[in-house]
Amino acid sequence: MATTASTQAGSKRWTYFHSALQHAIQRSAHKWTYEDFAECFSLWCDEQPENAATIFNLVSSRLESSITENCEQLFRKYNVKDNLDNLHAVVTAARARKEAGYDGKDVWKDDLQPRAAVRARTIPLLEEERNRLRAELAQLNQENSGLQSEIQRNVRAKEEADKDAARLLDLLDKALAKWDRMPLDKVEGWTLVAAENGGSRA
């Protein structure tokens, strides 16, 4: 089973944040009491109190799990845990420097231009996205090539089938033309003779 953000150990900041969020989810999911539920479905609750209580608990549990799952998806999408852990590390380091009496400039910021800092941060992300798009484009081109080959095979097969059908129609036209040229009176006479000979043998 995949590890979710809620089961991963993290910084204090992440732990406090996640615990507070879980508490808020539980409160919101169970804020609607059974008495409120009974007011909305009074007749049913009076007639089937056990079933009504069961449904109420199922709805509350489902609501809590649904909200939790949506939050977990957001955590994974925006990498919330790692970002909070990084923030906690930065804040902890800053507090430690402050307590140590450090009041100078940060060495890593000395003479650093904003554009250079932005480029250092964004260019790797843009390159990663570019590589992803290139790979996706290559896959699409490969799939298109396969589809094009299949379409060409289907077209060739259709052309061959049309040729075969045309040849059969030509044969039928020729046979029909020969049949039309045959003298029908002779055919009828031959048919009668054949029928009489067959009857006499019987």
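The structure presented is a predicted model; accordingly, all values stated were derived computationally and were not measured.
The side-chain contact (heavy atoms from CB on, under 4.5 Å) search around N70 returns S66, Q73, not counting sequence neighbours. Residues satisfying the side-chain contact (heavy atoms from CB on, under 4.5 Å) test with L176, not counting sequence neighbours, are D180. For R27, there are no salt bridge (Lys or Arg N to Asp or Glu O under 4.0 Å) partners, not counting sequence neighbours.
D36 and T33 share a donor-acceptor pair across their side chains, judged by distance under 3.5 Å alone.
Here I151 is tied into one hydrophobic group with V155, each link being a pair of ILVMFWY side chains closer than 4.5 Å. Here Y34 sits in one hydrophobic cluster together with W32, F37, F41, W44, I55, F56, L58, V59; the rule is ILVMFWY side chains under 4.5 Å apart, joined directly or through other members.
Taking the side chain as every heavy atom from C-beta outward, H18 and L84 never approach each other to under 4.5 Å. Using a 4.5 Å heavy-atom cutoff, the side chains of L137 and L133 are not in contact. Using a 4.5 Å cut-off on side-chain heavy atoms (C-beta onward), S19 and T15 make contact. Using a 4.5 Å heavy-atom threshold, the side chains of D46 and L43 count as separate. Between L21 and F75 there is a side-chain heavy-atom pair separated by less than 4.5 Å.
Using modelled atom types, one side-chain atom of N83 and one backbone atom of Y78 make a donor-acceptor pair closer than 3.5 Å.
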*asked:* Test side chain to side chain contact (heavy atoms under 4.5 Å, CB included) on R13 and D85; report intermediate values, then the result.
replied: CA-CA 7 Å; R13 194 174 299 269; D85 289 344; over 6 Å; no
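The SG atom of C45 lies 12.5 Å from the CD atom of E50; values are rounded to the nearest 0.5 Å. Atom CG of residue N86 and atom NZ of residue K81 lie 9.5 Å apart, to the nearest 0.5 angstrom. To the nearest 0.5 Å, the span separating NE2 on H30 from CD on E64 amounts to 4.0 Å. Within the model, atoms CD of E69 and CG of L74 stand 10.0 Å from one another, a figure rounded to the nearest 0.5 Å. Atom CG of N154 and atom CD of E159 lie 11.0 Å apart (nearest 0.5 Å). Interatomic distance, CD of Q22 versus CZ of F17, reported as 10.0 Å (0.5 Å rounding).
Ion pairing between a basic and an acidic side chain is recognised when a charged N comes within 4.0 Å of a carboxylate O; K174 and D170 show no such pairing.
In the displayed structure, E128 atom CD is contacted under 6.0 Å by at most 12 heavy atoms of other residues, nucleotides or ligands.
Identified under the salt bridge (charged side-chain N to carboxylate O under 4.0 Å, His left out) test for residues 131-144, with sequence neighbours left out: E129-R132, R132-E136.
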